[in-house]
Amino acid sequence: MAKQLTVLEPEVCCTPLAVAAVPAEAAADLAAAFKAMGDPVRLQLLSMIASADGGEICVCDLTPAFDLTGPTISHHLKVLREAGLVESDRRGTWVWYRANRPRMAALSAVLDIAPVA
């Protein structure tokens with residue numbers, strides 16, 4: 001059975017680390033997202049999806065970029081989806097992916113270590 005992650009709203013999880021301690025619930029959510037990005041293939045996939053022209057990309061364009069089987073790519077995309085980093089929808093035979101930009105912004109915000117005034 002797959003783990004179900006609760007993706008927190010940006011206002012819950014993006015207080016910068018340098019400003020306040022991360023609450024336990026937010027820490028678990030953030031850790032799952034960072035863990036999903038901790039694999040080189042998933043990081044590359046996320047980069048390809050986030051930088052795609054038009055904001056989305058077909059899985060048929062992702063798979064040839066790797067020396068991996070289709071099921072392996074599907075597994076990596078599933079991990080990214082379950083972490084709330086990407087969203088997808090099926091169009092005919094193919095699945096199209098787009099980055100969850102608010103989620104990525106929340107992860108970025110938590111790493112902001114700008115000096116506190």
Could you give the distance from [atom1] ([X]) to [atom2] ([Y]), rounded to the nearest 0.5 Å?
{"X": "W96", "Y": "D61", "atom1": "CH2", "atom2": "CG", "result": "6.5 Å"}
{"X": "N100", "Y": "L46", "atom1": "CG", "atom2": "CG", "result": "10.0 Å"}
{"X": "S74", "Y": "L62", "atom1": "OG", "atom2": "CG", "result": "10.0 Å"}
{"X": "W94", "Y": "S88", "atom1": "CH2", "atom2": "OG", "result": "14.5 Å"}
{"X": "L85", "Y": "L80", "atom1": "CG", "atom2": "CG", "result": "6.0 Å"}

Heavy atoms, side chains only, cut-off 4.5 Å: are [X] and [Y] in contact?
{"X": "V86", "Y": "L45", "answer": "no"}
{"X": "V95", "Y": "L77", "answer": "no"}
{"X": "Q44", "Y": "F66", "answer": "yes"}
{"X": "R98", "Y": "D89", "answer": "yes"}
{"X": "H75", "Y": "R42", "answer": "yes"}

Minimum heavy-atom separation for [X] to [Y], with atom names?
{"X": "I57", "Y": "A52", "value": "CB-CB, 3.8 Å"}
{"X": "C60", "Y": "C58", "value": "SG-SG, 2.5 Å"}
{"X": "A36", "Y": "V79", "value": "CB-CG1, 3.9 Å"}
{"X": "A99", "Y": "I49", "value": "N-CG2, 3.5 Å"}

Indicate yes or no for a side-chain donor-acceptor contact from [X] to the backbone of [Y] under 3.5 Å, with no hydrogens or angles considered.
{"X": "R103", "Y": "A83", "value": "yes"}
{"X": "R81", "Y": "G84", "value": "no"}
{"X": "D112", "Y": "P16", "value": "no"}

With sequence neighbours excluded, what pairs up with R101 under the side chain to side chain donor-acceptor pair (under 3.5 Å) test?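 Once residues adjacent in sequence are excluded, R101 has no partner under the side chain to side chain donor-acceptor pair (under 3.5 Å) criterion.
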